[in-house]
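In what follows, every heavy atom counts, from backbone to side chain, and hydrogens, waters and symmetry copies are set aside. Letters A, B, ... are given to chains in the order of the sequence lines, protein chains preceding strands, and every chain is numbered from 1.
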Protein chains: 2
Amino acid sequence: MGSGFADMTEHKVKFLPSGRIVFVQDGETISQVARKAGVHINASCGGSGLCGKCRVLLESGTVEGGKSEKLTEQDYASGIRQACLSGIKSDLVIRIPQESVLDTGVPDTAVPVRHKAGMYVFDIEQLKEEGIFASPVDKLFLELSRPSPTYSIADAGRLIKGLADQYDERGMVVELQVLRRLRRILREDDFRVTVTLSRSVRRRFRTRVVNIQAGNWTHRNFGLAVDIGTTTVYGQLLDLNTGRVLAEAGDYNAQMSYGEDVISRIIQAERPGGLGLMQSLVVSTINGIIEKLLDSCEVSRDEISSITLAGNTTMTHLFLGLEPHNIRRSPYVPVSTFFPPIRAGDDLGLDLERHAVALVFPAVSSYVGGDIVAGIMGSGMYRTDAQTLLIDVGTNAEIVIGNREWLACAACSAGPAFEGGGITHGMRASAGAIEDFSLNPQSLEPMNITIGNKSPEGICGSGLLIIVATLFEHGIIDQQGKFNRGLKTPRIRQGRSGYEYVLAWKDEIRGELDIVINEADIDNFIRAKAAIYAGIMTLLGNVGLEVTDLEQVILAGAFGSYIDLDCAMTVGLLPDVASERVKYVGNGSLVGARMSELSNHIRQDVVDVVHRMTSFELSGVDSFKDHYVASLFLPHTDSSLFPSVKKRNTP
Amino acid sequence: MGSGFADMTEHKVKFLPSGRIVFVQDGETISQVARKAGVHINASCGGSGLCGKCRVLLESGTVEGGKSEKLTEQDYASGIRQACLSGIKSDLVIRIPQESVLDTGVPDTAVPVRHKAGMYVFDIEQLKEEGIFASPVDKLFLELSRPSPTYSIADAGRLIKGLADQYDERGMVVELQVLRRLRRILREDDFRVTVTLSRSVRRRFRTRVVNIQAGNWTHRNFGLAVDIGTTTVYGQLLDLNTGRVLAEAGDYNAQMSYGEDVISRIIQAERPGGLGLMQSLVVSTINGIIEKLLDSCEVSRDEISSITLAGNTTMTHLFLGLEPHNIRRSPYVPVSTFFPPIRAGDDLGLDLERHAVALVFPAVSSYVGGDIVAGIMGSGMYRTDAQTLLIDVGTNAEIVIGNREWLACAACSAGPAFEGGGITHGMRASAGAIEDFSLNPQSLEPMNITIGNKSPEGICGSGLLIIVATLFEHGIIDQQGKFNRGLKTPRIRQGRSGYEYVLAWKDEIRGELDIVINEADIDNFIRAKAAIYAGIMTLLGNVGLEVTDLEQVILAGAFGSYIDLDCAMTVGLLPDVASERVKYVGNGSLVGARMSELSNHIRQDVVDVVHRMTSFELSGVDSFKDHYVASLFLPHTDSSLFPSVKKRNTP
């Protein structure tokens, strides 16, 4: 897994022409940051500085390096730099030359170059084509007639009549905070005002007038989309008129210091005062992100009228102050799966104005949360005819199968292996984590590639996948994950937990220990991937489908975005499907939150979608156990399920 | 005008069997207090202690006096007292013997005995008969099944399903504050819970679940009705299951220290910080009343889910924090005449729990406010076939004419004479004010009756009316209000403002001045009554009716309640109609607020009623001016308009 936007941020980097903004650490290269921001820059050499294709124009700010023999003196003087060689040392504005821009899609989180072709785009254009680009928050400009003895109705009546006469908007409710400012604002610019209408998620509810401004401000209409992750929280500032993402920011969920997984957070929340603490921590994280988003654009706080948030069921409960206790206790009953629209400020403590309405994505159950529902909405799978598998791989894998007609879902616990847990040298996807790996087939010497190009400190989830797949492909481990004892290399040796492969010698890395991967680690990995594969197969079986029926596979989540597809099939983590059928939605939760900020139709569809979803319980089901046991091999006991892997491994 | 509940309260008096509670001043008699509380006690001698009919049983507490020759020693020992002779010296519980109870109607404010027969009762029984006794706040008891692996839906879903299955209540919205307590409360009494449903005023809106309690609490369902008067604020605590008024309390509007009329309050509100100050003052007044109401009953704050408030347009604006500036400026445009349902606590600062919803009565215009709309609802005039005149007499008189088919309304300014303003010895209806008066026809010596039986200090509105009518009936003043200069009595003399009649000599009252009524006072009074009469006649003319078409006249407001009908017709304040057609609604605003707490149908009808009302502007209209000038006589230049007065005055 690569790092998200979550690292300590120091500099603000703005990419043109997209206008996207990210906050980055000092010293990161422009290439790294562009990848994280989802801004594509051509770079065929993988970032080594050799191809010279990653030319960018530095419009403001300073970088370290960035000069190479591929650039002329004239280029350099005019501000051209090589992105992969430019260490960021200040706030920057960078223009990507047209020849370096591959596509203008707006992915949400870091998407590795290897996935660019499959990036799923259910975008603004598609919303517009379908006629459903209609933000739940509208701004309308009104020119009202002045009060006179013959037209002396109340200010509010005047406003309501104006909306009816000029826009055919009827049955409005004018909120108290608008009434309180109405007299003054109406008279500030001679009864020319902009009203903000907040449309209801439920079709039967009335539209509310939530804000009023003197003069015409219809061009300034903004919203926020937020993904509340257990580890990381991401936010986007959206221009609701154009659908554009104006800025993006992320941070670690401040609850992290109270435990890394949802169970430990629930335990915290059960302590006296713990729920309030958990709530205030995540709210403060979101407030920090809002702060960063506003700082990065010329948008003021009171121009934001709407915020949509999505998270797993536990994160949602903690954010709303709902007791999560029973989420971790059989029969796993959450307090609620639907949440009414809520005032972002007064009720939740978000740093937004009174008129801002917060909508929280509904969940299906304790372990199929709003994040996966948002993914379903954001990926558009609920409106496609194609039989689709959507999977968000993490500690808990959420699996959804279906299309516009029906949806089935399940969650299964893969354990923490993909996040570095239970692995001897496992670590999170942060600087120093081995995220890519290759092997010299003759010498069996490794090539480790780490996040941040630092000395290796451990293995992150995506690294683990690639290492296991590579060892297996080269016959260094067998189908059961056991090392080939006959190989003659000092890299393979008997360790404390079975045989192990030395990824890095301690002397090379000036560490206290060699960094290894051992049979116990591989066993943990196999059990994690088996759980996910068994979950997919069980759910497929429950709905009477086979792998070959899948017309589309959508990978969501950070791990899903960084996953090497060939490796995932090699080890049997994902079913063997043609790579052209695989798409990546990135942070599906954030995409869904954004889409729902941009289309009230999508918001309105959410309720139907949740009701349409059939949730299956996997734990304790016989067929799941059978699939699980059969999957405790690389890639599987039944290799006929992985024809392309078989073909690749059989020269 | 008599005093309301507004005096400094010292003792709590509870009347049985009605259970009504009032707060009273030390030393008031039980009879006085019973009148104020609308509790009838037989007393044919007028409270002089002679008839002995006002026997009550003192169940607890102490009184001063109360003993007379009409009581035996045995009576006295068993706790029987004469109400008119018993000065209250502590908190009391008093039982009214069955023979002393005349009716069980529940008037809202003090209604003099003289009006008991005409007291208008649009009461609970009538609501029940019409099938519209249905509080907007319902409590329902649910027994839900426990979570199990086969029934593991979320707590909120379980609740919603229970409401649908057990009560056919569908499409609920469960509010955040309920979700936050839901898990714990459901499990506190094994999934037996009471939910509070708040039904929408607008028919299309959804019902909301606003509260949840463990166990069965359906028998505990309470609401508040509040009349926000410019001078006095009254509140009632209502049992929403029975419709009974459990307690009643009142206090001066704390804004009073910033001016007595709405214009001076508006001016205050226009100053920097003034609006917030005005708002907090009235909110603190209401909070004090809520405190008193709760103190007087075994009802806790969190059992109150609903509060309905009514007031004139200015009071409503100040209470809600809306800028009242344009109410006093032509063309008199208020900020709003409709107000959305509002959270009583968070949005308004009322001392009620989060789940309490406040509904504020809508107004028609700047000078036909929610108080008069509430009067229309509370008096039931909007649902009668009879052509009805509803009039609330005060500084501003609001006049409504109509029935179930149509409604026309107007407001006219009578000036402050009825509240003691502009009258040499005028004063508010408080202790020491002359509220009743008679004259020895021979000696022309007066009999003054004061509020609290204290030494006279001045004249209140109802006293002024009786004095002027009496002087006129006895030929002491003429049709123009000028004294008959030929009468030989030291009581009539030339004063600084024309001739005057001495009501009390300063030596008798140990005052610094004789208390008089002079020609300037009478002139002010005549102008005030002329404005009201002209308003009634102009509005009648506008709708094409004559006085004789009126089938019903309803008098509202404190002054309306204390008015002596014969006197009011003698001076030409009210049109000459048969007394059996006149009814008294008491504090119409409070009645309306109460009825709307007890019947969501009435709430829902309010919007239609307001839209149905045609508002007429009287000031500057020629016919109003003509009527006004013609009314500047006692009773009127055209005495044929007052046939019964003419008949009475012509022996």
Side-chain angles (χ1 to χ4, degrees), chain A residues 146-160 171 173-184 186-187 202 204-206 208 275 313 317 320-326 329-343 346-348 363-366 615 617 620, chain B residues 146-160 171 173-184 186-187 202 204-206 208 275 313 317 320-326 329-343 346-348 363-366 615 617 620:
Chain A
R146 295 178 205 102
S148 70
T150 54
Y151 187 55
S152 63
I153 64 169
D155 288 343
R158 192 174 304 269
L159 191 74
I160 285 170
V173 174
V174 184
E175 296 212 328
L176 186 61
Q177 75 259 14
V178 176
L179 292 179
R180 285 180 173 163
R181 302 164 60 232
L182 187 56
R183 191 201 67 87
R184 187 172 55 77
L186 279 183
R187 287 156 182 84
R202 308 284 183 103
R204 278 180 54 217
F205 282 32
R206 296 204 182 203
R208 292 169 304 116
L275 177 55
T313 306
H317 273 55
L320 294 174
L322 309 183
E323 294 178 317
H325 306 42
N326 293 73
R329 292 177 173 86
S330 173
Y332 312 111
V333 174
V335 169
S336 191
T337 50
F338 286 93
F339 313 101
I342 296 165
R343 295 187 195 177
D346 291 354
D347 290 333
L348 298 173
V364 175
S365 64
S366 278
S615 185
E617 182 59 49
Chain B
R146 294 179 204 101
S148 70
T150 55
Y151 188 55
S152 64
I153 64 168
D155 288 343
R158 190 173 306 268
L159 191 74
I160 286 170
V173 173
V174 184
E175 296 212 328
L176 185 62
Q177 75 259 12
V178 176
L179 293 178
R180 284 181 173 161
R181 302 163 60 230
L182 187 57
R183 191 200 69 87
R184 187 173 56 77
L186 278 183
R187 288 156 182 84
R202 307 283 183 106
R204 278 180 54 219
F205 282 31
R206 295 200 182 207
R208 290 169 306 115
L275 177 55
T313 306
H317 273 54
L320 294 173
L322 310 184
E323 295 177 317
H325 306 43
N326 293 73
R329 291 178 174 86
S330 173
Y332 312 111
V333 174
V335 169
S336 192
T337 50
F338 285 93
F339 313 102
I342 296 165
R343 295 187 195 177
D346 291 354
D347 290 333
L348 298 175
V364 175
S365 64
S366 279
S615 185
E617 181 59 49

Measure [X] against the heavy atoms of chain A and call it side chain, backbone, both or neither at under 4.5 Å.
| X | result |
| --- | --- |
| B/V173 | side chain |
| B/L179 | both |
| B/H317 | neither |

Using residues 150-160 of chain B as the side-chain source, report each donor-acceptor pair under 3.5 Å to any protein atom, sequence neighbours left out, with the distance given to one decimal.
residue: B/T150; atom: OG1; partner: B/S148; partner atom: OG; Å: 3.1
residue: B/D155; atom: OD1; partner: B/R187; partner atom: NH2; Å: 3.1
residue: B/D155; atom: OD2; partner: B/R187; partner atom: NH1; Å: 3.0
residue: B/R158; atom: NH1; partner: B/S145; partner atom: O; Å: 3.0
residue: B/R158; atom: NH1; partner: B/R146; partner atom: O; Å: 3.4
residue: B/R158; atom: NH2; partner: B/Y151; partner atom: O; Å: 2.9
residue: B/R158; atom: NH2; partner: B/I153; partner atom: O; Å: 3.0

**Prompt:** Who wins among B/S330, B/P340, B/S365 for the most heavy-atom pairs under 4.5 Å with chain A?
**Reply:** B/P340

**Request:** Would you mind telling me which of B/L320, B/I342, B/T337 has the largest number of heavy-atom pairs within less than 4.5 Å of chain A?
**Result:** B/L320

**Prompt:** Pick from A/R181, A/R184, A/Q177, A/E175: which one has the most heavy-atom pairs with chain B under 4.5 Å?
**Reply:** A/R184

**Request:** Pick whichever of A/L322, A/D346, A/V174, A/V335 has the most heavy-atom pairs under 4.5 Å with chain B.
**Result:** A/V335

**Prompt:** Say you draw a straight line from CG of B/L348 to CG of A/L176; how long is it, rounded to the nearest 0.5 Å?
**Reply:** 6.5 Å

**Message:** Nearest 0.5 Å, please: how far is CZ in A/R180 from CG in B/D347?
**Reply:** 6.5 Å

**Asked** What part of A/R343 lies closer than 4.5 angstrom to a heavy atom of chain B: side chain, backbone, both or neither?
**Response** side chain

**Asked** Is the backbone N or O of B/P334 less than 3.5 Å from a side-chain atom of A/R183, with the two atoms forming a donor-acceptor pair by type?
**Response** no

